[in-house]
Each structure stands twice: as C-alpha cells, then as structure tokens.
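Worksheet: the structure to be examined is printed underneath.
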Amino acid sequence: MIKKVSHVLIGALLCGVVTGCSTVASTPATSNNGYETYINPGQACKHTSFTNINNNPISLDPNKKKLVLLFATWCSDSLRTLNELKASSIISDPTVQIIAIGREQTRETLKEFNQDFALPFELIADCDRTIYQQYANKGIPRLILLDKNNTVVKTLIGEQANIIDQVIW
C-alpha cells in the first residue's frame, strides 16, 4: 500500500513539473509576488532611443553593453540600488552604457533629484509609465541587461540588497 501511494505521489510530482515548464514558456515571467516581466532574455529591447531630462536625444550605443534601470526617486529599494551602482566598478566601465528611467517622474523632478544624487549617467523621465509598462507590470527597481546588439541578456528585480552583484553579461 505504501509503495502504491509513493508511486502515485511521484507520478503527480512529475506531471506537475512537466506542466509547470510548459506554462512558463507561454506566459510572462512572474515571481511569487505577482510581478510580471514583459521582456525576456533573447528578445530585442523595445526602445533604442530616448529623450533625456535635458531634452536631448539619447541612443543605445551599438559598441557597448547596456544597463537599463527602471526606478523611482521615492523608492527605498531604488535608492539602495542606485547607491550600490555608484559604488560599483560598472559605473566607470567604458564598455557599459547606463540609462536610468524614472518611473512616474518628470524631467524637473529628476533634475532636482540629480542635484543631490549626482548620477553620472543619462536620466530619462517616464511620468506616465509609457516606457515602464512595456517591460513590467509592477515592482521597482528593474534592471535590464542588454548586449551590444540590444538583445536582453538578463532582467532583475532589485528589491533585495546587493542586486548589482548579479549584473553580469
């Protein structure tokens, strides 16, 4: 009897694993807290150019890897991630282009924020989530790593400490 029950349990577990794998491939990446990511490794970035907070056009550099950071100035996780980034070697790596997109932030808000924070990379305002909603449903900071061809290598949700340690192309 015990043998029969264990065989049934093993069979049920295997079916669950197979079923789980097939559904993951057809839906957006979701974590336990309901965060969905609408872009996955191997896909092309949905944007190749932006307008920065000084109203200048910015294009993704075809000669560099890219780190696109979706953040908010009021978010403690975003502030921690920005501080980690500023303290990392990535900030001075000439082979990496960093672009930070302020979710629900205006150009003016980001300019004020950057007076104190002094970020040495491009800031993009996304006051109405037009950019953000193409990449995720909720959760910040979001980190999107792109290769030189603007193909997604990895996406991360930066709600835990030391997320910058996971930024590897």
Side-chain angles (χ1 to χ4, degrees), residues 28-31 33 35-169:
T30 305
S31 67
N33 51 12
Y35 293 172
E36 293 180 0
T37 302
Y38 303 140
I39 190 162
N40 297 300
Q43 293 179 321
C45 185
K46 297 176 182 187
H47 292 84
T48 56
S49 62
F50 302 93
T51 302
N52 72 9
I53 60 174
N54 295 316
N55 211 28
N56 296 320
I58 303 300
S59 294
L60 296 181
D61 190 327
N63 300 309
K64 295 183 179 187
K65 301 175 286 187
K66 293 93 176 164
L67 170 58
V68 178
L69 174 64
L70 302 162
F71 79 105
T73 60
W74 49 262
C75 171
S76 62
D77 292 327
S78 291
L79 297 177
R80 184 190 60 250
T81 298
L82 287 168
N83 280 321
E84 288 176 8
L85 181 58
K86 284 174 55 174
S88 77
S89 61
I90 296 168
I91 203 83
S92 60
D93 185 337
T95 68
V96 176
Q97 179 183 22
I98 302 170
I99 295 176
I101 301 169
R103 187 185 85 178
E104 299 171 358
Q105 309 290 294
T106 65
R107 289 181 181 156
E108 293 74 27
T109 303
L110 289 175
K111 284 179 184 181
E112 285 178 29
F113 172 77
N114 207 32
Q115 287 176 354
D116 294 330
F117 228 76
L119 297 171
F121 44 80
E122 297 294 345
L123 294 176
I124 313 299
D126 185 24
C127 57
D128 59 0
R129 290 189 181 204
T130 301
I131 299 169
Y132 180 85
Q133 68 188 2
Q134 295 181 48
Y135 296 95
N137 69 329
K138 62 181 180 176
I140 48 175
R142 294 286 188 134
L143 295 84
I144 304 170
L145 284 63
L146 306 173
D147 65 13
K148 290 181 180 181
N149 298 315
N150 300 330
T151 301
V152 176
V153 174
K154 186 184 222 182
T155 62
L156 300 164
I157 300 174
E159 292 185 337
Q160 70 275 2
N162 303 316
I163 193 67
I164 295 301
D165 293 344
Q166 296 180 42
V167 175
I168 300 170
W169 282 268

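- Judged by distance alone, with hydrogens and angles left aside, the side-chain atoms of D147 form a donor-acceptor pair with the main-chain N or O of N149 at under 3.5 Å.
- Put simply, CG on L145 and OG1 on T151 are 12.5 Å apart, with the number rounded to the nearest 0.5 Å.
- At least one donor-acceptor pair under 3.5 Å links the side chain of R80 to the backbone N or O of G158.
- Looking only at side-chain heavy atoms (C-beta outward), T155 and Y135 stay at 4.5 Å or farther from each other.
- Under the 3.5 Å distance criterion, the side-chain polar atoms of K46 are left unmatched by any main-chain donor or acceptor of I39.
- A heavy-atom distance below 4.5 Å is not found between the side chains of V167 and D165.
- At least one side-chain heavy atom of R107 sits under 4.5 Å from a side-chain heavy atom of T51.
- Here the straight-line distance linking atom CD of E104 with atom OG1 of T73 works out to 10.0 Å at 0.5 Å rounding.
- With rounding to the nearest 0.5 Å, the separation of CG in L60 from NZ in K66 is 5.5 Å.
- A 4.5 Å side-chain heavy-atom check between I164 and T81 finds at least one atom pair inside the cut-off.
- Taking CG from L123 and CZ from F50, the interatomic distance works out to 12.5 Å, rounded to the nearest 0.5 Å.
- Between the side chain of Q97 and the backbone N or O of D61, at least one donor-acceptor pair lies under 3.5 Å.
- Separating the CD1 atom in I124 from the CG atom in L69 is a distance of 11.5 Å, to the nearest 0.5 Å.
- Annotation for A125 and I53: closest pair N-CG2, 4.3 Å, computed over non-hydrogen atoms.
- Within 6.0 Å of NZ in K148 there are 12 or fewer heavy atoms belonging to other residues, nucleotides or ligands.
- One finds the CZ atom of R103 at 8.0 Å from the OG atom of S78 (value rounded to the nearest 0.5 Å).
- Looking only at side-chain heavy atoms (C-beta outward), N83 and F117 come within less than 4.5 Å of each other.
- For N114 (side chain) and L119 (main-chain N/O), a donor-acceptor pair under 3.5 Å exists by modelled atom type.
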**Item:** side chain to side chain contact (heavy atoms under 4.5 Å, CB included) assessment of D126 paired with D128
**Value:** CA-CA 6 Å; D126 185 24; D128 59 0; 3.8 Å; yes
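- The side-chain heavy atoms of I98 and V96, taken from C-beta on, include a pair separated by under 4.5 Å.
- For the side chain to side chain contact (heavy atoms under 4.5 Å, CB included) criterion with L67, the lone passing option out of L85, L146, I144 is L85.
- Here the closest non-hydrogen pair linking K154 and P41 is CA-CG, 4.4 Å.
- N137 places a side-chain N or O within 3.5 Å of a backbone atom of E36 that can act as its donor or acceptor partner.
- A donor-acceptor pair under 3.5 Å is absent between the side-chain atoms of Y132 and the main chain of G102, judged by distance alone.
- Between I90 and F121 the shortest side-chain heavy-atom distance does not fall below 4.5 Å.
- Under the 3.5 Å distance criterion, the side-chain polar atoms of E84 are matched with a main-chain donor or acceptor of I163.
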